[in-house]
Trainee: 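Sharing a structure, written as structure tokens. Questions coming.
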Amino acid sequence: MRMTQLFSRTQRDAPADAQVVSHQLLVRAGYIRQLAAGIFSALPLGFRALAKIEQIVREEMDAIGGQELKMPVVNPAEVWQETGRWYQIGAEMARFKDRKDSEMVLAMTHEEVVTDLARQIVESYRQLPLLIYHLQTKWRDDPRPRAGLIRVREFTMKDSYSLDADEAGLDAQYRAHYQAYFNIFHRCGLDVIAVGSDTGMMGGSLAHEFMALTPIGEDTLLLCDGCGYAANRQIARFQKPAAPAEAPLPTERVATPGVTTIEDLTAFLDIPAAKTAKAVFVIAEISDPTPHAQFVFAVVRGDMDVNETKLANALHATELRPATEAEIRAIGAEPGYGSPIGVRDALIVVDDAVAASPNLVAGANAPDAHLRNVNCGRDYQPDIVADIAAAGEGDACPQCGHPLRAERGVEVGNIFKLGTRYTEAMGATYLDHEGKPHPIVMGSYGIGIGRALACVAEAHNDEYGLVWPITVAPYQIHLLTLGPPGSDATAIADRLYAEMTAAGVEVLYDDRNQSPGVKFNDADLIGLPLRVTVAKRGLKQGAVELKRRDSAEREFVPLDDILPTLRARIAEMEAEIAATVVEIPLEA
RNA sequence: CGGGGCAUAGCGCAGUUUGGUAGCGCGCACGGUUUGGGUCCGUGAGGUCUGCGGUUCAAAUCCGCAUGCCCCGACCA
């Protein structure tokens, strides 16, 4: 492609809106343009880079038996009603009516459609296992798009769905994806880790997220350098410091005027936070058996915090929100002085560490008073005892006790064991060899293509611009002529461009009548892996300059050798990436 | 949804406090110059100042309402 014809332009300044490096560089270098919040166009350069990632995804999916197809973006409401997600999902899913007044949705994922296809096509265990996938536009009306392509509302996702006769089959396909995902991201030059994750709205029994580690990431991950334990903070477990064994003492009321926080309380009574109980009041939306709002009184030890995801999971709640002061008083509690003793119409959820800690200080459900020696089970009966405490940096690894390390990450992919959640709801069954029907066992696996591109850009850049891995770069070669139109240099560059193109090398040719500085700067900004400069300086010796974008070294290559040399360099760079594609075993 | 910020040429910004004919840099067009790191000189095009309403002789500027975008939080496969 000649730059004089490329539908693009570079910019010296990034738009003021762009905060993160990947966003700034992708816009400045002419890869993307924003149309609205979380809605972007990919310009030809960006489109080519996305296509490179998509091709890698296809190859790895095909390698584990995937069959590509395409499912529609617009779905009738019925299938979403069949699985219940029509009712569970809120404003994030776009809904509209067609001209006949039928309810339609823009699919934000495709379990429903897959399941509908499966119940039409799959009849026998002989047809299983199956793996189907597609690359499709998704619309999710995220309340807060941000960071360029990192978090958008419209995006392309690869989603695959495994169909199996049993758990063992699902497990095999899950493991195959686990490795395929590492292959995909490594081939894109992205260093990722897999962490255990919440299953969220997808339901299901096991899930991993593939996280690109970066300080701009929105998820907090807890990692163990001792044993390799890795989990999203949402579900991360940890070893809770044990409470000293003590015989339960009689409860005793103590005046604590103006003491409403754990910090105040520990100072006022001169006790460690681990000897206190912290009350958190939330209203949970619970849909089972019938949708209702439930007041929840959650208790963790004062040295810990509530993890809302864990709490919601313990409750099987679809939504949590903080309770208002009026709601807190309505159950007989007092904000700042809450105690599980004597409250009414509240579901009491107690962290397991609280249940195991004797003689805690809790509120007295009255202003300016606390109770000493509160004991779970003796003084109040919990409705649920579960792990609802949040793990944080420095907490002990649940597996080996080593202190956990916190990192930020961007979720570029995820894999879920769905089981029969959708196939049962929609009646997608197969017949076993005895002719008995069983629901198909399903898995679902996603990769955000644009987000992956942004993460690659975020990880591969320097002060001058992008530095693409050769596997993702929109072109392999940036060819520059430093001569004006009609010069020898340009005539030779024209010839090289034709030869490279004919040889199947992907080349972007800067044939513009611009000064050398402009061309070099744009080449650095656009970030193609190899740069070939045709100019008088080299031509005097019959050579052109060759430079890797990721290195300061330059070499002069005789004109006759440039094509084979380029091929060798491309192979070299591809080999460098290939060396990062390694086996990562799935533990457990 | 809560809190904060911004909106003037393609991009970055000044002008708003104190109302008086809309500016700068980059980019763009044309002419010349230059060709190994954003050359230099000249000429020029480009604006419903986010929108609607109000105050005023007069509004980018003051007031009100709306919209859009960004950031923090809530939210989120």
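The structure displayed is predicted, hence computed values, not measured ones. All heavy atoms count here, side chains included; hydrogens, waters and symmetry mates do not.
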Trainee: Going by atom types only, do A:Asp494 and A:Tyr509 share a side-chain donor-acceptor pair under 3.5 Å?
Mentor: yes
Trainee: Take atom CG of A:Leu35 and atom P of B:G68, then tell me their distance rounded to the nearest Å.
Mentor: 13 Å
Trainee: Just by distance, no angles: are the side chains of A:Asp164 and A:Gln173 close enough, under 3.5 Å, to form a donor-acceptor pair?
Mentor: yes
Trainee: Picking from B:C70, B:G12, B:C75, which would you name as closest to the side chain of A:Ala37?
Mentor: B:C70
Trainee: Is a side-chain donor-acceptor pair under 3.5 Å present for A:Gln136 with A:Asp159?
Mentor: no
Trainee: Which nucleotide, B:C11, B:C13, B:C69, lies nearest any side-chain atom of A:Gln34?
Mentor: B:C69
Trainee: Go ahead and name the base partner of B:U21; Watson-Crick or wobble counts if both distances stay under 3.5 Å, otherwise write none.
Mentor: none
Trainee: Is a side-chain donor-acceptor pair under 3.5 Å present for A:Asn461 with A:Glu458?
Mentor: no
Trainee: A:Arg85 CZ to B:C76 P: how many Å, rounded?
Mentor: 14 Å
Trainee: Rounded to the nearest Å, what distance is computed from the CZ atom of residue A:Arg151 to the P atom of nucleotide B:C70?
Mentor: 12 Å
Trainee: Can you measure A:Asp219 atom CG to B:C75 atom P for me and round it to whole angstrom units?
Mentor: 13 Å
Trainee: Determine the contact category for A:Ala489: base if any of its heavy atoms lies under 4.0 Å from a base atom, sugar-phosphate if only primed atoms, P, OP1 or OP2 are that close, otherwise nothing.
Mentor: nothing
Trainee: Once you apply a heavy-atom cut-off of 4.0 Å, does A:Ala523 come out as touching a base, just sugar-phosphate, or nothing?
Mentor: nothing
Trainee: Using a cut-off of 4.0 Å on non-hydrogen atoms, how would the nucleic acid contact of A:Glu308 be classed: base, sugar-phosphate, or nothing?
Mentor: sugar-phosphate
Trainee: Identify whether any heavy atom of A:Ala14 sits under 4.0 Å from a base atom; if not, whether one sits that close to sugar-phosphate; answer base, sugar-phosphate or nothing.
Mentor: sugar-phosphate
Trainee: Starting at the 5' end of RNA chain B, which residue's closest nucleotide do you reach first, A:Gln19 or A:Asp159?
Mentor: A:Gln19
Trainee: Among the nucleotides B:G12, B:C71, B:C76, which one has an atom lying closest to any side-chain atom of A:Glu92?
Mentor: B:C76
Trainee: Is any side-chain nitrogen or oxygen of A:Arg144 closer than 4.0 Å to OP1 or OP2 of B:C72?
Mentor: yes
Trainee: Rounded to the Å, how far apart are A:Leu311 CG and B:C75 P?
Mentor: 12 Å
Trainee: Any donor-acceptor pair under 3.5 Å linking the side-chain atoms of A:Ser487 with those of A:Thr490?
Mentor: yes
Trainee: N/O contacts under 3.5 Å, protein versus nucleotides 33-38 of chain B?
Mentor:
from: B:U35; atom 1: O2'; to: A:Leu482; atom 2: O; distance (Å): 2.9
from: B:U35; atom 1: O2; to: A:Leu482; atom 2: O; distance (Å): 3.1
from: B:U35; atom 1: O4; to: A:Asn513; atom 2: OD1; distance (Å): 3.4
from: B:G36; atom 1: O2'; to: A:Arg537; atom 2: NH2; distance (Å): 2.2
from: B:G36; atom 1: N1; to: A:Glu545; atom 2: OE2; distance (Å): 3.0
from: B:G36; atom 1: N2; to: A:Glu545; atom 2: OE1; distance (Å): 3.4
from: B:G36; atom 1: N2; to: A:Glu545; atom 2: OE2; distance (Å): 2.3
from: B:G36; atom 1: N2; to: A:Arg554; atom 2: NH1; distance (Å): 2.8
from: B:G37; atom 1: O6; to: A:Arg531; atom 2: NH1; distance (Å): 3.1
from: B:G37; atom 1: O6; to: A:Arg531; atom 2: NH2; distance (Å): 3.1
from: B:G37; atom 1: O6; to: A:Arg554; atom 2: NH2; distance (Å): 2.9
from: B:G37; atom 1: N1; to: A:Asp524; atom 2: OD2; distance (Å): 3.2
from: B:G37; atom 1: N2; to: A:Asn521; atom 2: OD1; distance (Å): 3.4
from: B:G37; atom 1: N2; to: A:Asp524; atom 2: OD2; distance (Å): 2.4
from: B:G38; atom 1: O4'; to: A:Asn521; atom 2: ND2; distance (Å): 3.3
from: B:G38; atom 1: O2'; to: A:Arg12; atom 2: NH1; distance (Å): 3.4
from: B:G38; atom 1: O2'; to: A:Arg12; atom 2: NH2; distance (Å): 3.0
from: B:G38; atom 1: N1; to: A:Asp522; atom 2: OD1; distance (Å): 3.4
from: B:G38; atom 1: N2; to: A:Asp522; atom 2: OD1; distance (Å): 3.3

Trainee: Could you check whether A:Lys138 makes a cation-pi contact with A:Phe155, meaning its NZ or CZ is under 6.0 Å from the centre of the six-membered ring and within 45° of the ring axis?
Mentor: no
Trainee: For the residue pair A:Arg408 / A:Thr214, report whether a side-chain donor-acceptor contact shorter than 3.5 Å exists.
Mentor: no
